[in-house]
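Remarks on the structure that follows.
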Amino acid sequence: MKIIQRCWLTFCFFLLYAPILFLVVYSFNSGETMQTFEGFSWAHYQELWQDTRLLQIVLGTLVLALSSSLIATAIGTIGALAIYRTPRKLVKQSLLGLNNVLLVSPDVIIGASFLILMTALGLKLGFFTVLLAHVAFSIPIVVLMVLPKLQEMNHDLVLAAQDLGATPTEVLTKVTLPVISPGILAGFFMALTYSLDDFAVTFFVTGNGFSTLAVEVYSRARRGVSLEINALSTLMLFVAFILVLGYYVYGQRKKGQKPSKLKEKVK
């Protein structure tokens with residue numbers, strides 16, 4: 001049974017990572033297509049650094065993702081606090097249901113809805129409209145990440161702070177927010193990931209003056225897959241790997257520090 005489970009797990013990982021490995025290998029291909037590997041070369045990476053338009057799009061995509069994630073995290077955290085503090089159960093469940101509708105709705109429907117709304121408002125399609133759309137679909141994600149942390153929080157901490165004379169602002173900033181900070185960070189990074197990856201909604205609300213990396217890759221792929229995209233994808237995978245590795249090392253160090261702190265307290 002264990003052999004079957006291991007084989008199935010290996011097969012699943014192969015399906016997940018084989019296309020990525022294929023993409024990385026052909027980023028070093030001296031040829032111009034992904035049909036045959038003609039030899040090792042850094043040519044496509046050199047082309048990437050010379051493609052100023054693509055680099056500007058990457059920078060614009062990062063700025064968009066960071067901006068929308070920060071705004072959505074702030075609004076989503078406030079929304080989660082509002083839902084958590086709603087006394088009526090029916091109202092709370094209704095708000096949660098409305099929040100979850102955007103999570104399960106197809107991206108095409110959301111994108112078309114934003115396009116109709118922004119056209120009716122007379123907004124010029126570009127960076128601002130894409131930013132509004134990304135903030136809108138990221139807020140429910142943040143709410144979903146923050147709300148469980150609020151529900152897990154020990155309410156006695158809030159009561160103790162109030163008994164000691166803390167103002168509502170001090171309770172929020174010194175008790176509630178530090179306790180739910182893991183959920184806030186999780187919501188921020190989830191929103192950042194969704195913003196970087198999104199294509200369908202962005203495709204509807206972007207204009208001629210602004211484009212994201214996903215839309216640019218799609219438009220270039222229609223003219224034929226360029227190995228320059230492989231080179232860019234490889235660099236982004238490398239950065240993601242370094243970030244994940246750094247987070248893992250940081251987590252392991254934190255775990256190692258806890259026993260040592262306990263020993264010091266015992267002494």
Side-chain angles (χ1 to χ4, degrees), residues 19-20 23-24 27 34 44-45 47-76 102-142 144-145 186-244:
I20 298 175
L23 178 146
V24 172
S27 69
M34 296 179 65
H44 301 294
Y45 289 88
E47 293 175 4
L48 174 63
W49 293 119
Q50 294 172 359
D51 192 343
T52 56
R53 170 178 164 76
L54 187 58
L55 294 177
Q56 288 175 354
I57 290 174
V58 172
L59 180 61
T61 302
L62 292 174
V63 171
L64 170 70
L66 288 171
S67 302
S68 63
S69 301
L70 288 171
I71 298 171
T73 301
I75 299 175
L102 282 175
L103 292 174
V104 299
S105 297
D107 288 346
V108 175
I109 303 300
I110 296 173
S113 301
F114 280 125
L115 176 61
I116 295 170
L117 174 63
M118 292 171 183
T119 303
L121 294 175
L123 297 176
K124 183 180 179 182
L125 299 182
F127 177 83
F128 182 68
T129 55
V130 177
L131 178 64
L132 289 177
H134 281 221
V135 169
F137 71 66
S138 296
I139 289 174
I141 301 169
V142 178
L144 205 63
M145 294 292 107
F188 170 78
F189 284 111
M190 285 293 291
L192 182 69
T193 303
Y194 270 74
S195 180
L196 288 172
D197 291 344
D198 183 74
F199 167 76
V201 177
T202 306
F203 184 78
F204 278 95
V205 297
T206 191
N208 294 327
F210 179 76
S211 180
T212 63
L213 184 59
V215 175
E216 181 68 15
V217 170
Y218 172 76
S219 62
R220 293 194 179 196
R222 294 177 63 185
R223 301 192 298 266
V225 178
S226 172
L227 298 188
E228 185 181 338
I229 301 300
N230 289 43
L232 176 61
S233 302
T234 302
L235 291 175
M236 295 181 69
L237 285 170
F238 178 75
V239 172
F241 175 78
I242 294 298
L243 291 175
V244 171

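Residue numbers run from 1 in the order of the sequence given.
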Going by the angle between their ring planes, with limits at 30° and 60°, are Phe199 and Tyr218 parallel, tilted or perpendicular?
tilted

Dump the intermediate steps for side chain to side chain contact (heavy atoms under 4.5 Å, CB included) on Leu232 and Val217, then the final yes or no.
CA-CA 10 Å; Leu232 176 61; Val217 170; 5.5 Å; no

Would you give me the side-chain donor-acceptor pairs under 3.5 Å for residues 67-75, sequence neighbours excluded?
{"residue": "Ser67", "atom": "OG", "partner": "Val63", "partner atom": "O", "Å": "2.7"}
{"residue": "Ser68", "atom": "OG", "partner": "Leu64", "partner atom": "O", "Å": "2.9"}
{"residue": "Ser68", "atom": "OG", "partner": "Ala65", "partner atom": "O", "Å": "3.1"}
{"residue": "Ser68", "atom": "OG", "partner": "Ser195", "partner atom": "OG", "Å": "3.3"}
{"residue": "Ser69", "atom": "OG", "partner": "Ala65", "partner atom": "O", "Å": "2.6"}
{"residue": "Ser69", "atom": "OG", "partner": "Leu192", "partner atom": "N", "Å": "3.1"}
{"residue": "Thr73", "atom": "OG1", "partner": "Ser69", "partner atom": "O", "Å": "2.6"}

Within this structure, what is the OG-CZ distance for the pair Ser219 and Phe203, rounded to the nearest 0.5 Å?
9.0 Å

Any side-chain heavy atom of Thr129 within less than 4.5 Å of one from Lys124?
no

Do Leu213 and Leu54 make a side-chain contact, defined as non-hydrogen atoms from C-beta onward lying under 4.5 Å apart?
yes

Could you note down all residue pairs passing salt bridge (charged side-chain N to carboxylate O under 4.0 Å, His left out) where residues 202-217 supplies at least one of them, sequence neighbours left out?
Arg53-Glu216, Glu216-Arg220

Nearest heavy atoms of Val201 and Ile110, plus distance in Å
CG2-CG2, 4.1 Å

Flag side-chain contact, heavy atom, 4.5 Å: Ile141 against Leu103
yes

May I ask you to test the Leu55-Asp51 pair for a side-chain heavy-atom distance under 4.5 Å?
no

Do the side chains of Val108 and Phe204 get nearer than 4.5 Å, heavy atoms only?
yes

Testing Leu117, Leu121, Leu115 one by one against Thr119 for a side-chain contact (heavy atoms from CB on, under 4.5 Å), which residue passes?
Leu115

Closest heavy-atom pair, Met190 versus Met145, reported as atoms and distance to 0.1 Å, is CG-SD, 4.2 Å

Taking every non-hydrogen atom, the tightest pair across Gly187 and Val142
O-CG2, 3.8 Å

Counting distance only, does the side-chain N/O of Asn230 pair as donor-acceptor with the main-chain N or O of Leu23 below 3.5 Å?
yes

Atom pair CD/CD of Glu228 and Glu47 - distance to nearest 0.5 Å
6.0 Å

Which atom of Tyr45 lies closest to which atom of Ser27, heavy atoms considered:
OH-OG, 2.9 Å

Using 0.5 Å steps for rounding, measure from the CD1 atom of Ile57 to the OG1 atom of Thr212.
8.0 Å

Do Tyr194 and Phe137 make the cut of ring centroids closer than 6.0 angstrom?
no

Which is it for Phe210 and Leu131 under the side chain to side chain contact (heavy atoms under 4.5 Å, CB included) test, yes or no, and what are the steps along the way?
CA-CA 11 Å; Phe210 179 76; Leu131 178 64; over 6 Å; no

Run the numbers on Leu235 and Leu48 for side chain to side chain contact (heavy atoms under 4.5 Å, CB included), then give the verdict.
CA-CA 11 Å; Leu235 291 175; Leu48 174 63; 3.6 Å; yes

Kindly indicate, with the supporting measurements, whether the criterion side chain to side chain contact (heavy atoms under 4.5 Å, CB included) is fulfilled by Thr202 and His134.
CA-CA 8 Å; Thr202 306; His134 281 221; 2.7 Å; yes

Please round to the nearest 0.5 Å and tell me the distance separating atom OG1 of Thr234 and atom CD1 of Ile20.
10.5 Å

If I take atom CG from residue Leu132 and atom CE from residue Met118, how far apart are they, to the nearest 0.5 angstrom?
5.0 Å

